[in-house]
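Single-structure report; data block below.
Below, read A as the first sequence line, B as the second, and so on, with proteins coming before strands; counting in each chain starts at 1.
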Amino acid sequence: MLQMKNNIITIKGNREGLLIICDENVLWDVIIAEIKERLIGENGHFFKGASVIVNTKARTLLAEEVGELWKIFEGSGLKIKCIKTDTEKELSESDNDQQQIKEEGLISTDHVNNKPTLVIERNIRSGQNISFDGNILIFGDVNPGAEIKAVGFIIVMGRLRGIAHAGIFGDETAWIMSLKLQPTQLRIANYITRAPDEEPQKPEIARIYEGGIICEVVENVGKYVENIGGK
Amino acid sequence: MGQVIVITSGKGGVGKTTTSANIGTGLAAIGNKVVLVDTDIGLRNLDVVLGLENRIVYDLVDVTHGNCRLKQALIKDKRFENLCLLPAAQTKDKSAVEPEQMKELCGKLKEEFDYVIIDCPAGIEMGFKNAIAGADKAVVVTTPEISAVRDADRIIGLLEAAELRNPTLIVNRIRPRMVKNGDMMDINDMIDILAIELLGVVPEDEKIVISTNRGEPAVLDMNSWAGQAYRNIAKRITGENVPLVSLEVEDGLLGKLKRILGFNN
């Protein structure tokens with residue numbers, strides 16, 4: 001198939017930095033090669049020092065792929081701000097959508113921890129696994145049978161009914177927040193618990209306190225999400 | 001150019017085949033050219049439900065392997081001229097067909113028919129992949145049980161991954177009285193989890209058992225609740241705006257009246 005070279009990745013600049021949009025129909029290896037060539041090779045010095053938001057469109061990255069992307073940028077003087085996927089239907093309406101992505105993609109985690117945040121805007125269904133070497137922010141529900149694993153914290157702006165594991169590498173300061181915290185199981189670092197039986201009426205946050213996982217009502221969800229934005 | 005609609009569920013026994021037979025027959029009854037394709041190779045049922053078992057000569061595997069022409073394998077329904085069945089093979093298994101072959105087959109069928117209804121086997125393996133390969137739209141069937149809803153959720157995820165976006169939902173075998181008493185999941189609970197558009201609700205109806213055993217789809221039985229629900233679903237598929245059959249159960253004369261009115265709308 002004939003593929004216009006510059007369709008593989010689209011690079012856009014705005015005042016916050018660079019937005020790189022990856023075509024979801026191209027093999028991941030090809031995208032990596034293209035990023036290397038355009039951002040890091042001889043042409044790359046132009047971008048040095050910029051912070052980058054990568055949008056993988058409908059593609060969900062595996063942990064190794066995220067690692068690979070990370071390494072490339074780390075070695076090149078560019079700073080990754082966040083990696084984003086979107087599985088919205090109107091992928092083809094490029095101009096409008098990209099405008100939106102620019103607006104929405106400005107989420108970074110600098111002020112909460114040093115990890116990047118994966119932002120997902122869809123429901124996570126039974127059998128789907130999301131794991132990320134950083135934090136995870138989901139705008140949607142996590143259904144029973146789904147599993148979310150993050151090295152950092154997890155925020156679900158919707159119902160959390162599946163399994164969530166924050167701090168998978170043992171970070172006991174990690175936490176999990178959801179507008180409706182009704183998980184099958186909660187795991188933080190090496191602690192595991194079941195959710196309380198009664199239905200929560202308010203957003204709750206789960207964290208480790210004196211050797212166990214506790215859940216508290218969150219009055220101001222915005223505070224947590226704002227922090228991610230670093231504003 | 002017609003549309004290819006796959007009827008799927010993940011879990012077995014929720015009524016995919018019954019739904020396929022009734023939707024197909026319902027669409028044909030209102031004048032569409034319809035072909036039903038049974039992709040449950042090795043466990044074929046759709047022919048039995050339609051009462052066409054004794055007419056099968058060639059099947060889906062024969063067509064994809066080139067042992068016969070497509071036309072030779074299509075069986076005309078006994079009730080409707082404009083309804084055909086492409087039966088599954090009973091002696092092979094799911095690996096006898098490849099997704100690419102299904103895509104090609106669906107492409108050919110939709111040139112000739114208004115609707116190509118594909119009856120998907122249970123499970124998420126080869127049979128499922130074959131069934132969805134050529135589909136334009138998907139209908140997910142579930143029953144008001146947590147296990148069936150869980151599997152439906154999984155299936156919706158897989159459909160989305162396969163680029164079949166916005167599937168619609170049929171809730172089958174609901175018992176209004178049990179829902180009212182809080183003994184059965186209600187429709188809102190299911191929509192809440194699955195977050196997809198509702199295409200129809202089919203009440204539990206003993207007449208389905210009778211019609212299935214006789215090989216006569218309930219959609220043609222004007223006195224059957226379930227038949228009425230399937231007639232409405234068929235109309236909705238063609239784009240007509242039909243309100244849901246009222247499932248309210250109330251005791252006393254007023255309740256009865258409501259039910260009758262709901263039934264007739």
Side-chain angles (χ1 to χ4, degrees), chain A residues 23-26 28 56-62 65 85-93 97 120-131 138-148 156-164 178-185 194-195 197-201, chain B residues 6 8-12 14 100 103 120 122-129 132 135-169 171 182 185-198:
Chain A
D23 187 327
E24 73 262 21
N25 298 318
V26 179
W28 183 244
T56 60
K57 305 224 91 176
R59 185 197 310 263
T60 311
L61 297 186
L62 301 173
E65 293 172 332
T85 63
D86 60 345
T87 33
E88 293 302 315
K89 296 132 238 162
E90 303 87 8
L91 284 176
S92 53
E93 294 173 18
D97 260 28
I120 297 173
E121 288 163 57
R122 62 179 162 94
N123 293 343
I124 313 299
R125 297 183 181 277
S126 177
Q128 295 178 330
N129 282 317
I130 309 284
S131 57
I138 295 171
F139 292 96
D141 293 348
V142 176
N143 283 355
E147 236 181 290
I148 312 294
V156 179
M157 299 297 280
R159 262 177 215 259
L160 170 55
R161 286 190 270 206
I163 296 177
S178 170
L179 298 188
K180 265 210 165 159
L181 194 66
Q182 295 177 288
T184 318
Q185 233 179 52
R194 282 185 303 114
D197 286 332
E198 64 268 24
E199 197 180 314
Q201 300 302 322
Chain B
V6 60
T8 183
S9 72
K11 189 173 179 297
V14 298
E100 277 307 313
K103 236 183 220 175
C120 177
I124 54 173
E125 295 85 11
M126 194 69 191
F128 170 74
K129 285 173 190 152
I132 66 165
D136 304 316
K137 279 188 181 173
V139 172
V140 177
V141 182
T142 188
T143 54
E145 293 155 65
I146 290 184
S147 51
V149 173
R150 186 72 56 90
D151 289 1
D153 190 43
R154 176 93 169 100
I155 284 293
I156 296 164
L158 292 171
L159 289 170
E160 280 168 0
E163 304 278 298
L164 267 169
R165 309 230 178 256
N166 300 332
T168 49
L169 182 72
V171 178
M185 282 180 96
D186 86 19
I187 293 159
N188 292 333
D189 295 343
M190 284 180 268
I191 299 286
D192 200 32
I193 292 184
L194 299 175
I196 61 173
E197 192 193 329
L198 187 65

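For the set A:P144, A:G140, A:G145, the count of heavy-atom pairs under 4.5 angstrom toward chain B peaks at A:P144.
Taking a 6.0 Å sphere around NZ of B:K137, one finds it holds 12 or fewer heavy atoms contributed by other residues, nucleotides or ligands. For CD1 of B:I146, the number of neighbouring non-hydrogen atoms (other residues, nucleotides, ligands) closer than 6.0 Å is 12 at most.
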Evaluate A:R122 against B:E160 for side chain to side chain contact (heavy atoms under 4.5 Å, CB included), listing each step before the verdict.
CA-CA 11 Å; A:R122 62 179 162 94; B:E160 280 168 0; 5.6 Å; no
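Interatomic distance, CG of A:D141 versus CD1 of B:I193, reported as 9.0 Å (0.5 Å rounding).
Annotation for A:S126 and B:D153: closest pair N-OD2, 2.7 Å, computed over non-hydrogen atoms.
Looking at B:D151, neither its backbone nor its side chain comes within 4.5 Å of chain A, counting heavy atoms on both sides.
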